J.: 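Input: one structure, supplied below.
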Protein chains: 2
Amino acid sequence: MDDVNIKKLAKDLNLSTSTISRAFRGNSDISQATKERILAKAKELNYQPNLYASNLREKKSKTIAVIMPELANNFFSQAVKGIERVARDNGYHTLLYVTDDDYQKEVGIIDDLSNGRVDGIIMSASGEANDHAYLGKLKKKKIPLVFFDRVYDDVDVAKVTTDDYTSSFEATRHLVEAGCKKIAFLVINKSLSIGKMRMQGYVDALKEAGIPFQPDWVIDCSNDREESIDIITKVLDTLRPDGLFAAVERLAMASYYACHQLGVKIPEQVKVISYSSLEIAPLLNPSLTTITQPAGDMGTEAARLLFKTLDAAEPAQVQDHLVLHSRIIQRRSTEKS
Amino acid sequence: MDDVNIKKLAKDLNLSTSTISRAFRGNSDISQATKERILAKAKELNYQPNLYASNLREKKSKTIAVIMPELANNFFSQAVKGIERVARDNGYHTLLYVTDDDYQKEVGIIDDLSNGRVDGIIMSASGEANDHAYLGKLKKKKIPLVFFDRVYDDVDVAKVTTDDYTSSFEATRHLVEAGCKKIAFLVINKSLSIGKMRMQGYVDALKEAGIPFQPDWVIDCSNDREESIDIITKVLDTLRPDGLFAAVERLAMASYYACHQLGVKIPEQVKVISYSSLEIAPLLNPSLTTITQPAGDMGTEAARLLFKTLDAAEPAQVQDHLVLHSRIIQRRSTEKS
DNA sequence: TTGTAAGCGTTATCAC
DNA sequence: GTGATAACGCTTACAA
């Protein structure tokens with residue numbers, strides 16, 4: 001027998017389809033005896049209620065989507081892992097999408113998701129500079145959205161971020177205290193909210209330290225590793241900084257490569273600090289001082305916020321903005337010489 | 001207006017639902033004019049065909065599942081990223097599940113998926129030592145499965161792995177050539193096919209070098225980092241190896257920690273080689289010699305195999321076994337002293 | 001080219 | 001406690 005459905009089961013047991021159905025949902029009245037009979041037969045025939053029929057009836061998919069700019073990266077993969085676990089604990093399934101930081105992909109994915117495929121979405125945004133009107137569609141369809149780490153400030157939904165300004169301020173201060181006077185700020189896209197917040201922390205900490213801020217010490221790097229290495233190499237050559245503050249992990253890696261190649265000694269000649277979720281930062285050469293975001297926790301919190309909305313009887317969009325703290329973990333790369 | 005469906009659209013346009021439906025699928029006959037009228041109105045009303053109704057009719061979900069033991073790990077996250085991209089390129093959606101290496105979770109997930117939720121599954125197995133009969137359910141429901149990296153040898157489905165035996169043989173030989181005579185093999189679960197293959201390569205390479213194989217030089221470590229560090233510390237203390245061969249990345253990390261703590265110098269006192277997908281292996285202290293699996297490629301190939309099956313008119317289960325090559329990348333951690 | 005109507009496999013509402 | 005029946009929103013013969 002190929003397709004076992006509720007009808008076949010009903011016929012085999014001389015019962016009605018409604019009774020069968022009842023055996024599978026918790027609530028309804030049904031005698032223990034028949035229920036067991038049904039469940040036994042179901043097991044025998046390998047019957048499982050058709051998911052899409054149920055979804056159609058119930059207008060629920062028990063599925064959420066996670067949209068991330070990147071995955072081959074500790075921060076995002078830890079976060080996704082956390083989200084998936086919470087989702088599963090809540091009986092939900094998790095669809096995964098990776099945008100590769102491409103705004104068009106993000107728009108396409110959201111479009112694909114607004115047909116009811118998912119009950120809710122957790123997203124780390126890719127297209128801050130662009131128009132966000134397309135998200136209105138989700139609101140219309142009452143699909144809740146939770147932003148994760150990279151947010152659109154102009155969109156009013158729940159958000160989970162870290163205290164980028166504060167941690168950046170403290171990281172800069174940490175470099176100053178380690179003796180740095182010429183600190184370059186390495187960033188990939190300073191117009192993103194995250195870049196902006198982190199840069200502001202840097203700027204204000206310099207001010208506090210009485211070091212004049214110079215715009216050309218904000219170094220626009222690239223998503224491409226080789227390109228970033230080139231840029232940083234040039235910076236080391238010309239600006240001769242004594243401190244590098246990498247706004248994202250991959251720029252710390254690029255900095256290490258550039259320094260290794262040039263024979264510039266960390267931390268003797270230049271100190272390095274970076275946002276990073278690398279577990280093995282302590283094992284780098286030299287061990288890297290990091291500002292570590294609680295990636296997994298951010299993920300689980302984002303999922304919790306989403307399920308709070310989904311579970312609410314009155315699905316008023318939750319608009320909490322949760323800010324978790326990042327920790328600076330001091331290691332050799334910023335050691336005072 | 002809240003719910004726009006095909007009926008409302010039909011009424012608004014004075015057309016039948018079938019005509020509307022036709023406007024949305026490529027094939028059917030429909031005049032260009034009405035099609036455009038429909039599409040325009042659909043856009044205006046923000047209509048999108050209900051996914052679950054279509055799936056129910058067509059008995060297709062255009063969704064695949066990816067089941068991995070872990071995600072916060074470069075190897076798997078790169079692979080998942082590759083899979084997701086190929087899936088999306090093929091118009092498919094990707095459900096993600098993380099088992100945390102828990103066999104029971106794996107069984108539960110497969111169970112959840114055999115109701116037609118997905119058209120196919122890519123899985124890296126978690127429970128080799130256990131019974132695999134539960135996978136029969138998938139076969140019955142004609143849901144194709146592709147194994148990725150960690151396979152069950154007794155299950156006949158398509159597989160993508162790397163040449164574990166060969167690369168392990170070469171890695172061991174590499175240590176021997178670097179002067180090692182007392183090589184410990186660090187493994188998490190030597191009964192897994194991967195552990196077995198890698199161990200066999202180690203054993204045979206020792207034999208080739210005329211070094212007698214001793215079972216107690218195969219060190220069973222743990223998934224828990226601290227525990228592994230303890231175990232390796234003890235090994236360094238008692239067995240005093242001059243070479244460590246880590247069968248998985250996290251054991252290389254644990255080895256580094258253990259050596260750092262004991263003050264054992266790499267590579268002078270002990271050389272280390274490991275399977276690893278860490279991008280920053282070159283930046284470790286000292287840079288780590290790795291056997292690197294083509295994680296992304298493995299993912300995309302697994303996805304291709306799956307879609308080859310899904311696209312086949314006659315859905316005969318493809319049973320190809322694809323073996324990709326790993327590369328040994330030599331760095332400081334195995335340098336000859 | 002378009003409309004009619006049956007059905008995909010469930011579940012909810014009523015009866016009994 | 002159980003059964004008949006009408007949806008859910010869509011697709012597809014078949015008819016017009």
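Letters A, B, ... are given to chains in the order of the sequence lines, protein chains preceding strands, and every chain is numbered from 1. From a predicted model like this one, the values you see are computed outputs, not experimental measurements.
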J.: Given atom CG of L45(A) and atom P of dG9(C), what is their separation to the nearest angstrom?
T.: 15 Å
J.: Between P on dC10(D) and NZ on K62(B), what's the gap in Å once rounded to a whole number?
T.: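 From K62(B) NZ to dC10(D) P: 19 Å.
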J.: CD of E58(A) versus P of dC8(C): gap in Å, rounded?
T.: 20 Å
J.: Test for a donor-acceptor pair under 3.5 Å between the base of dG3(C) and the side chain of R22(B), counting only N and O atoms.
T.: yes
J.: Within this structure, what is the CG-to-P distance between N115(A) and dC10(D), rounded to whole angstrom?
T.: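 Rounded to the whole Å, the gap is 10 Å.
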J.: Compare the minimum distances between each of dC10(D), dT2(D), dG9(C) and the side chain of I6(A), then state the nucleotide with the smallest one.
T.: dG9(C)
J.: Need one value for S18(A): base, sugar-phosphate or nothing, where a base atom within 4.0 Å counts as base even if backbone is also close, heavy atoms only.
T.: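 It contacts base atoms.
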J.: Round to the nearest Å and state the distance from N50(A) atom CG to dT11(C) atom P.
T.: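 After rounding, the reported distance stands at 9 Å.
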J.: Side-chain N or O of T17(A) less than 4.0 angstrom from OP1 or OP2 on dA4(D)?
T.: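 It does not, given that no N or O in the side chain of T17(A) lies less than 4.0 Å from OP1 or OP2 of dA4(D).
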J.: Nearest of dG9(D), dT2(D), dT11(D) to any side-chain atom of L15(A)?
T.: dT2(D)
J.: Salt-bridged, K105(B) to D100(B), with N to O below 4.0 Å?
T.: yes
J.: Name the nucleic acid region contacted by F24(B), choosing base, sugar-phosphate or nothing; use a 4.0 angstrom heavy-atom cut-off, strictly under.
T.: nothing
J.: Measure distances between side-chain N and O atoms of R57(A) and base N and O atoms of dA12(C), and say whether any donor-acceptor pair falls under 3.5 Å.
T.: no
J.: Less than 4.0 Å between a side-chain N and a carboxylate O, is that true for K41(A) and E44(A)?
T.: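 So E44(A) pairs with K41(A) through a salt bridge.
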J.: Name the residue closer to the 5' end of DNA chain C, choosing between N14(B) and P49(A) according to the nucleotide with the nearest heavy atom.
T.: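 Looking at DNA chain C, the more 5' nearest nucleotide goes with N14(B).
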J.: Base, sugar-phosphate or nothing for I20(B)? Non-hydrogen atoms, less than 4.0 Å.
T.: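 It contacts nothing in the nucleic acid.
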J.: Less than 3.5 Å apart, any donor N or O on the side chain of E106(A) or N130(A) sitting next to an acceptor on the other?
T.: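 No, no side-chain donor-acceptor pair sits under 3.5 Å.
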J.: Under a 3.5 Å threshold, yes or no: a donor from one side chain and an acceptor from the other, between S61(B) and D119(B)?
T.: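 Their side chains do contain a donor-acceptor pair, which is all the 3.5 Å distance test asks for.
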J.: Is there a side-chain polar atom (N or O) of S21(B) under 4.0 Å from OP1 or OP2 of dT11(D)?
T.: yes
J.: Expressed as a whole number of angstroms, how long is the span from E36(A):CD to dG1(D):P?
T.: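 For the pair E36(A) CD and dG1(D) P, the rounded distance is 14 Å.
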J.: Which one of Q293(A), R150(A), H321(A) satisfies the side-chain hydrogen bond (donor to acceptor under 3.5 Å, both in side chains) criterion with T161(A)?
T.: H321(A)
J.: Do the side-chain N or O atoms of Y52(A) get closer than 4.0 angstrom to the phosphate oxygens (OP1, OP2) of dT11(C)?
T.: no
J.: Consider the side chain of K59(B), meaning its heavy atoms from C-beta on, and name the nucleotide among dC8(D), dT10(C), dG9(C) that approaches it most closely.
T.: dG9(C)
J.: Mind checking if Q32(A) touches a base, just sugar-phosphate, or nothing, with heavy atoms under 4.0 Å?
T.: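 Touches nothing.
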J.: For the side chain of T19(B), starting at C-beta, report the closest nucleotide among dG3(C), dT2(D), dG9(D).
T.: dG3(C)
J.: Roughly, in whole Å, what's the span from NZ in K11(A) to P in dG9(C)?
T.: 13 Å
J.: Counting heavy atoms from C-beta on, name the nucleotide in dT11(C), dG9(C), dT2(D) closest to the side chain of N5(A).
T.: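 Nearest nucleotide to the side chain: dG9(C).
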J.: From CG of L51(B) over to P of dG9(C), roughly how many Å is that when rounded to an integer?
T.: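 After rounding, the reported distance stands at 17 Å.
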J.: What's the closest nucleotide to the S31(A) side chain, out of dG1(D), dG9(C), dC10(D)?
T.: dG1(D)
J.: Do the side-chain N or O atoms of T34(A) get closer than 4.0 angstrom to the phosphate oxygens (OP1, OP2) of dT2(D)?
T.: yes
J.: Return the minimal non-hydrogen interatomic distance between T34(B) and S31(B), and the atom names on each side.
T.: OG1-OG, 2.7 Å
J.: When you get a sec, tell me which of dC10(D), dG3(C), dT11(C) is the closest nucleotide to the side chain of S16(B)?
T.: dG3(C)
J.: Do S21(B) and S18(B) have side-chain atoms, one donor and one acceptor, less than 3.5 Å apart?
T.: no
J.: With respect to the phosphate group of dG9(C), does any side-chain polar atom (N or O) of K8(A) fall under 4.0 Å of OP1 or OP2?
T.: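 False: K8(A) side-chain N/O out of range (4.0 Å or more) of dG9(C) OP1/OP2.
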